[in-house]
Structure formats: C-alpha cells, structure tokens
2 protein chains.
Amino acid sequence: MGAGSGIDGLDGRIIVLLAREPRIGVLEMSRRLGVARGTAQARLERLQSNGVIRGFGPEVDPAALGYPVTAFATLEIRQGQGPQVRRHLASVPEVLELHTTTGTGDMLCRLVARSNADLQRVIDRVVGFDGIVRAATAIVMENPVPLRIIPLVEQAARDR
Amino acid sequence: MGAGSGIDGLDGRIIVLLAREPRIGVLEMSRRLGVARGTAQARLERLQSNGVIRGFGPEVDPAALGYPVTAFATLEIRQGQGPQVRRHLASVPEVLELHTTTGTGDMLCRLVARSNADLQRVIDRVVGFDGIVRAATAIVMENPVPLRIIPLVEQAARDR
DNA sequence: TGCGCCACTGGGCAGGATGCCCAGCCGAAA
DNA sequence: TTTCGGCTGGGCATCCTGCCCAGTGGCGCA
C-alpha cells in the first residue's frame with residue numbers, strides 16, 4: 001500500500017473536477033483538462049484500481065430521509081466484548097459509522113435520529129447491550145465544514 | 001423541509017441499487033427495478049431535486065492519497081471565537097469535517113495525517129490558534145462500520 | 001549514444017445510453 | 001364523474017462509451 005500510489009497534478013485535477021461536477025463524462029472531462037480522451041480514461045481507471053477513488057455512490061442526506069438529528073457517541077466497552085459490540089452496532093440502522101479509537105477501549109460512532117426525542121430511543125438501543133459500559137453523546141448543532149476532500153487532494157497533488 | 005419528503009419503496013430500491021452499483025445508468029436501473037425507463041428517470045430526478053440524493057461525488061480514500069491516519073479531535077474554544085476558529089479549521093486541508101456540538105462550546109473534527117508523527121504536526125496546526133483552549137484527540141485504529149447509508153434508507157422506505 | 005518502454009495523442013468504429021417527446025391507461029382525489 | 005398525476009411502452013436524434021489503432025516524445029538504462 002502506498003507503494004506506487006500518489007497523485008500527480010493531472011490526477012488531482014481529475015478528482016477535483018469530478019468532485020465539483022460528478023455528472024460529467026470522460027469526454028467532457030478530457031475537454032476541460034485539455035488532454036486526449038484516452039488519457040483521461042486511463043487516468044480515471046488507474047485512480048479507481050489504485051483505490052484512490054473508491055466509487056461514485058450517491059450521497060444521501062439523512063435529513064431529507066427524515067433523520068435531521070446527528071450525534072456522536074463515545075462508547076466505553078467491556079474488555080473482550082469488542083466483536084459483539086461491533087456486531088450489535090452494525091445492526092442498528094441509525095449508526096452511520098463506527099470507529100475504534102485509542103484510549104480506554106473506546107469506540108466512536110455517528111448516529112442520526114428523527115428528533116431529539118427519537119435520539120433517546122436510538123441511544124437506548126445503542127447502549128442497551130451488555131458489552132457497553134458507558135456512553136457519552138454529543139449532539140451536532142452545526143456543520144461548518146461538511147465532509148470534504150478537495151483541499152486534501154490539492155495538497156496531495158502539490159506534494160507530488 | 002421534510003414536508004413532502006420521504007421515501008417510498010421504489011425510491012428506496014433506487015438508492016440501494018445506486019449505492020451498490022453506482023456506475024449503472026438509468027436504463028439498466030429501470031430493467032433491474034422492473035419499471036419503465038421514464039419512471040426511473042423521473043424518480044431519480046425527484047430524489048435529486050428533493051435533496052435526498054445530494055450528488056454522486058467520487059469517494060476518495062485518504063489512505064490512498066498518503067494519509068492513512070485518521071483521528072477525531074474534540075476542541076474547546078474560547079467564548080465568541082467560533083467564527084474565527086471555523087475559518088481557521090476550514091483552512092487546514094487535513095481537517096475533513098467539522099461539527100459544533102452541544103456541551104461546553106465544543107467542536108468535533110475529523111483529521112487525517114501521513115503518519116502518527118505527522119498527526120502531531122496537524123494537531124499543532126489545528127490547536128495553534130488563539131481561540132482554541134484545549135484539544136483532546138482520539139486516533140482511529142479500526143473502522144468496523146464505514147460510513148454507510150443503506151440500512152437507514154431501507155428503514156426509511158419501510159416506515160413509508 | 002542508442003534502445004526500449006511508457007504515456008499521451010488524435011483518430012475511427014459500432015453499440016448503447018441519454019434526453020426528450022408522445023399517446024394511452026389507471027387509480028385516487030375532488 | 002371528472003380531473004389530475006404517475007406510470008407505461010414506444011420512438012427519435014444525438015451523444016458518449018468502450019475499444020481499437022499507429023504515431024510521437026520523454027526518460028531511464030545499458
């Protein structure tokens with residue numbers, strides 16, 4: 001991993017272009033970039049087989065689905081209960097992602113809920129499991145920087 | 001918002017299908033769903049103008065870009081320094097997202113770095129700003145549940 | 001210095017998908 | 001019952017895709 005990886009300027013421009021206008025095709029892309037279509041096509045393929053671009057899945061807004069409340073929960077789990085806890089959390093649809101982190105056997109997960117009241121139900125379901133000792137929840141109020149990748153891509157391209 | 005929104009079964013199947021095989025076109029989609037092409041096309045358009053589907057931006061893997069280390073930082077900020085802190089954090093490429101949360105004027109941000117050592121540099125840059133009083137960092141070790149949306153979509157579709 | 005490799009170019013080709021149109025049908029609401 | 005919105009199934013021209021090719025230029029290596 002990371003062996004032959006790395007992004008050059010053209011790769012960076014491809015990703016940024018794709019991030020800004022996801023619907024454009026290879027041909028339009030090659031026109032904007034000022035390269036031959038075959039080049040753009042080859043680069044795109046390489047970026048995907050490289051794993052740099054994982055895919056083009058639809059970005060779904062949980063709020064538009066009826067889940068406008070987002071929260072982060074820090075979980076303290078009982079020793080050795082990791083696998084069970086993971087399985088449990090994976091089975092809860094409102095758990096959007098889960099990380100294990102350094103610290104006291106902690107996990108961090110992102111939750112959504114239909115309302116603040118509903119969040120209580122979600123949390124109850126999340127922590128209503130033997131392996132979980134304690135949970136601390138932080139409700140998201142604003143999202144000044146939504147998940148982004150462009151600045152990082154540009155820096156990676158600059159660093160050659 | 002959220003007025004006429006909501007997802008029916010067909011919408012749910014469209015999103016799930018798109019999430020699993022993002023490259024398929026409208027025609028192939030209509031074939032898999034067993035509906036007319038016009039229907040699939042109209043639904044997709046509606047989902048996008050609804051805001052349920054925000055877009056189809058490329059999913060870029062920071063690790064493949066040379067940033068294999070992910071961390072979450074909880075920041076305590078000085079009263080009234082919110083706007084400045086946001087601007088500062090937005091200017092750091094390694095800050096992938098930023099949330100303001102309930103609690104003691106806290107913020108939570110996701111960071112990436114080239115290595116554990118590099119993470120120190122990133123954190124220094126993040127907290128090297130007047131408005132930030134204290135920072136607690138949790139390094140991500142594993143990601144048992146990567147950011148996902150399918151289970152939530154299926155539940156939303158089931159709930160009518 | 002000369003050679004081979006690799007990426008890029010510019011072009012061509014057939015098949016397929018897209019965007020857009022239409023008339024007809026049907027169920028639900030007024 | 002009438003109207004309306006959504007779905008169907010079809011057609012159309014245009015455009016893009018995936019794939020192919022030969023030619024060219026830069027670069028590292030012997």
Side-chain angles (χ1 to χ4, degrees), chain A residues 1-60 64-66 153-154 156-160, chain B residues 1-60 64-66 153-154 156-160:
Chain A
M1 226 281 305
S5 342
I7 297 290
D8 71 1
L10 184 53
D11 288 327
R13 288 167 65 208
I14 288 177
I15 296 176
V16 171
L17 187 54
L18 240 25
R20 284 201 232 275
E21 302 175 56
R23 296 308 267 181
I24 70 172
V26 176
L27 212 172
E28 179 62 19
M29 206 173 85
S30 69
R31 283 195 277 247
R32 307 267 188 101
L33 297 170
V35 299
R37 181 168 68 104
T39 304
Q41 215 150 15
R43 291 297 193 119
L44 221 200
E45 247 171 66
R46 208 186 41 150
L47 285 171
Q48 294 194 79
S49 61
N50 264 355
V52 174
I53 296 181
R54 277 207 216 91
F56 293 86
E59 291 159 28
V60 177
L65 246 42
V153 168
E154 285 171 341
R158 235 175 281 124
D159 296 352
R160 191 81 50 254
Chain B
M1 231 279 306
S5 336
I7 297 292
D8 71 2
L10 184 53
D11 288 327
R13 288 166 64 207
I14 289 177
I15 297 175
V16 171
L17 187 54
L18 239 27
R20 283 201 233 274
E21 303 175 56
R23 295 309 266 181
I24 70 170
V26 176
L27 210 161
E28 179 62 20
M29 205 173 86
S30 69
R31 283 196 277 248
R32 306 268 189 102
L33 297 171
V35 298
R37 181 168 68 103
T39 303
Q41 214 151 15
R43 292 295 192 119
L44 221 200
E45 249 170 64
R46 208 186 42 152
L47 285 172
Q48 294 194 80
S49 61
N50 265 355
V52 174
I53 296 181
R54 277 208 216 89
F56 293 85
E59 291 159 28
V60 177
L65 245 43
V153 168
E154 285 172 340
R158 235 174 281 124
D159 296 352
R160 189 86 53 261

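Below, read A as the first sequence line, B as the second, and so on, with proteins coming before strands; counting in each chain starts at 1. Side-chain atoms are counted along with the backbone in the values below, which use heavy atoms only and exclude waters and symmetry mates.
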>> Testing the basics here: between B:Gln48 and B:Phe56, what is the closest heavy-atom pair and its distance to 0.1 Å?
In response: OE1-CE1, 3.7 Å
Identify all side-chain donor-acceptor contacts of residues 16-27 of chain A below 3.5 Å with residues at least two apart in sequence or on another chain.
{"unit_1": "A:Glu21", "atom_1": "OE1", "unit_2": "A:Arg32", "atom_2": "NH1", "d": "3.3"}
{"unit_1": "A:Glu21", "atom_1": "OE1", "unit_2": "A:Arg32", "atom_2": "NH2", "d": "3.1"}
{"unit_1": "A:Glu21", "atom_1": "OE2", "unit_2": "A:Arg32", "atom_2": "NH1", "d": "2.8"}

>> Please classify the nucleic acid contact of A:Arg43 as base, sugar-phosphate, or nothing, using heavy-atom distances under 4.0 Å.
In response: sugar-phosphate
> Got a second to check how far B:Asp11's CG is from B:Leu44's CG, nearest 0.5 Å?
Replying inline: 9.5 Å
>> For chain A and DNA chain D, what are the first and last nucleotides along the strand, 5' to 3', with at least one atom under 4.0 angstrom from a heavy atom of the protein chain?
In response: D:dC16 to D:dC19
> C:dG12 P sits how many Å from A:Leu27 CG, rounded?
Replying inline: 14 Å
> Considering all heavy atoms of both residues, which atom of A:Gly12 and which atom of A:Ile7 are nearest to each other, and what is their separation?
Replying inline: N-CG2, 3.5 Å
> Taking the side chain of B:Gln41 as its heavy atoms from C-beta onward, which of C:dA17, C:dT18, C:dT9 lies nearest to it?
Replying inline: C:dT18
>> If you compare all heavy atoms of A:Ala40 against all heavy atoms of A:Met29, which two are closest, and at what distance to 0.1 Å?
In response: CB-CE, 3.7 Å
> Rounded to whole angstroms, how far apart are CD1 on A:Ile14 and C1' on C:dA7?
Replying inline: 13 Å
>> Nearest whole Å is fine: how far is C:dA17 P from B:Glu28 CD?
In response: 7 Å
>> For C:dA7 and A:Thr39 - does any side-chain N or O of the residue sit under 4.0 Å from the phosphate oxygens OP1/OP2?
In response: no
>> Using 0.5 Å steps for rounding, measure from the CZ atom of B:Arg43 to the CD1 atom of B:Ile53.
In response: 12.0 Å
> Want to settle it: does B:Ala36 or A:Arg37 sit nearer the 5' end of DNA chain D, counting the closest nucleotide to each?
Replying inline: B:Ala36
>> For B:Asp8 and B:Arg23, find the nucleotide of DNA chain D closest to each by heavy atoms; which residue's nucleotide sits nearer the 5' end?
In response: B:Asp8
> When we call it a touch if two heavy atoms are under 4.0 Å apart, what does B:Arg31 touch: a base, just sugar-phosphate, or nothing?
Replying inline: sugar-phosphate
